[in-house]
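Before any comments, here is the structure.
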Amino acid sequence: MKSKFLLILPCILVPMIVRAAQIPVSEEVQIEPVASFTTFELWNSKIPTNSSFGLVAVNYRMIDSETPIVRGKWRECGLVMIGTGDLATRPVAFRIWTKQACDLSMQDPKESESAGEIRINFFVNAGVLLPVKVSSELVVTVSERKIGRIRAEGE
């Protein structure tokens, strides 16, 4: 007679939450570089604003104030994508987080004194400047911190 044994091994499941690091810009504003946005975020955002200068294209949207994602004291404020006008490129993207209801605006992109560098200034709640630079190598920095590089598909 053959006996069957059932071997049960105890397993410990550790939930893994993978979340990009939020980068403080001020006491009231943080950014979070991301690879993509969710359909919930896109559906609950306001009509996007688009602007371009030379090769650089900017798309940003405010999150509707009635449906922000909330993490503790932080509320999602806006979604920003910076890329090129070329097809098949991967833009650099980030979320903007605030501690209060949000107002987001942008000055038109302009070329800086450094050759080939594009500067874009975002204003959060009229008081916090969020300076963005795109180098001639397509490296994107926000508040002097490198957050990514605009890449061609497959690069």
Side-chain angles (χ1 to χ4, degrees), residues 16-155:
M16 293 190 65
I17 299 173
V18 179
R19 188 184 300 174
Q22 289 177 297
I23 301 169
V25 174
S26 74
E27 287 187 17
E28 300 294 318
V29 176
Q30 294 182 343
I31 64 163
E32 176 187 8
V34 294
S36 63
F37 300 118
T38 67
T39 52
F40 179 84
E41 290 172 300
L42 296 173
W43 188 256
N44 290 293
S45 64
K46 296 181 179 180
I47 295 173
T49 301
N50 298 297
S51 186
S52 62
F53 186 89
L55 288 175
V56 176
V58 180
N59 172 296
Y60 77 95
R61 337 161 165 238
M62 285 181 53
I63 299 297
D64 188 293
S65 62
E66 295 178 8
T67 58
I69 294 173
V70 177
R71 289 184 187 160
K73 60 187 171 185
W74 295 97
R75 304 166 47 100
E76 187 176 30
C77 166
L79 311 173
V80 179
M81 290 181 285
I82 302 170
T84 66
D86 296 335
L87 295 175
T89 59
R90 291 187 181 269
V92 172
F94 59 94
R95 291 183 183 103
I96 299 173
W97 296 87
T98 61
K99 288 185 179 177
Q100 57 191 357
C102 175
D103 182 41
L104 181 62
S105 63
M106 179 188 78
Q107 282 182 337
D108 284 335
K110 50 181 104 172
E111 194 164 6
S112 72
E113 295 172 8
S114 301
E117 184 177 86
I118 306 296
R119 296 174 87 76
I120 307 149
N121 287 326
F122 286 94
F123 295 93
V124 183
N125 296 338
V128 178
L129 171 65
L130 195 60
V132 177
K133 293 183 209 169
V134 182
S135 74
S136 58
E137 293 84 28
L138 302 178
V139 173
V140 177
T141 60
V142 179
S143 294
E144 302 299 325
R145 291 193 175 148
K146 177 183 172 182
I147 64 164
R149 183 173 171 274
I150 302 166
R151 299 181 187 279
E153 185 66 34
E155 189 177 325

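Residue numbers run from 1 in the order of the sequence given. No experiment lies behind these values; they were computed from the predicted model shown.
In this structure, CD on Q30 lies 9.5 Å from CD1 on I23, to the nearest 0.5 angstrom. Note that the OG atom of S143 and the CD1 atom of I31 stand 6.5 Å from one another [nearest 0.5 Å]. The NZ atom of K99 lies 14.5 Å from the SG atom of C77; values are rounded to the nearest 0.5 Å. Once rounded to the nearest 0.5 Å, the distance linking CG of L130 with CG of L104 reads 8.0 Å. Taking OG from S52 and CG from N59, the interatomic distance works out to 11.5 Å, rounded to the nearest 0.5 Å. How far CD1 of I150 is from CG of L55: 9.0 Å, rounded to the nearest 0.5 Å.
Listed by first then second residue, pairs satisfying ring pair (Phe, Tyr, Trp, His ring centres under 6.0 Å) with a partner in residues 133-155 number zero, not counting sequence neighbours. Among pairs with a residue in residues 72-87, those fulfilling side-chain hydrogen bond (donor to acceptor under 3.5 Å, both in side chains) read E76-R95, at least two apart in sequence or across chains. A ring pair (Phe, Tyr, Trp, His ring centres under 6.0 Å) check over residues 128-155, counting only residues at least two apart or in different chains, returns nothing. Residues in residues 121-133 take part in these side-chain hydrogen bond (donor to acceptor under 3.5 Å, both in side chains) pairs, two or more places apart or across chains: Q107-N121, K133-E144.
Remark: L42 pairs with F37, R61, L79 by the side chain to side chain contact (heavy atoms under 4.5 Å, CB included) rule, at least two apart or across chains. With sequence neighbours excluded, the residues satisfying salt bridge (Lys or Arg N to Asp or Glu O under 4.0 Å) with R149 are E155. With sequence neighbours excluded, the residues satisfying side-chain hydrogen bond (donor to acceptor under 3.5 Å, both in side chains) with T38 are E41. Under the side-chain hydrogen bond (donor to acceptor under 3.5 Å, both in side chains) criterion, E137 pairs with S135, not counting sequence neighbours. When the side chain to side chain contact (heavy atoms under 4.5 Å, CB included) test is applied to V132, the partners found at least two apart in sequence or on another chain are I82, F94, I120, F122, V140, V142. Residues forming a side-chain hydrogen bond (donor to acceptor under 3.5 Å, both in side chains) with S45 (at least two apart in sequence, or on another chain): none. Residues passing the side chain to side chain contact (heavy atoms under 4.5 Å, CB included) test with S105, sequence neighbours excluded: F123. Evaluation of the side-chain hydrogen bond (donor to acceptor under 3.5 Å, both in side chains) rule for E28 yields no partner, not counting sequence neighbours.
Taking the side chain as every heavy atom from C-beta outward, V92 and I147 approach each other to under 4.5 Å. The closest side-chain heavy-atom distance from R145 to P24 is below 4.5 Å. With contacts defined as side-chain heavy-atom distances shorter than 4.5 Å, the pair V29/I96 qualifies.
Salt bridge absent: E117 and K110 never bring a charged side-chain N and a carboxylate O closer than 4.0 Å.
The two atoms that bring S26 and V128 nearest to each other are OG-CG2, 3.8 Å, heavy atoms only. Between T67 and F40, the closest heavy-atom pair is O-CE2, 3.8 Å. Closest of all the heavy-atom pairs between I118 and P109 is CG2-CB, 3.9 Å. Between G116 and E111, the shortest heavy-atom distance links the atoms N-OE2, 3.5 Å.
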- prompt: Would M81 and V58 satisfy side chain to side chain contact (heavy atoms under 4.5 Å, CB included), going step by step from the backbone distance to the final call?
  reply: CA-CA 6 Å; M81 290 181 285; V58 180; over 6 Å; no

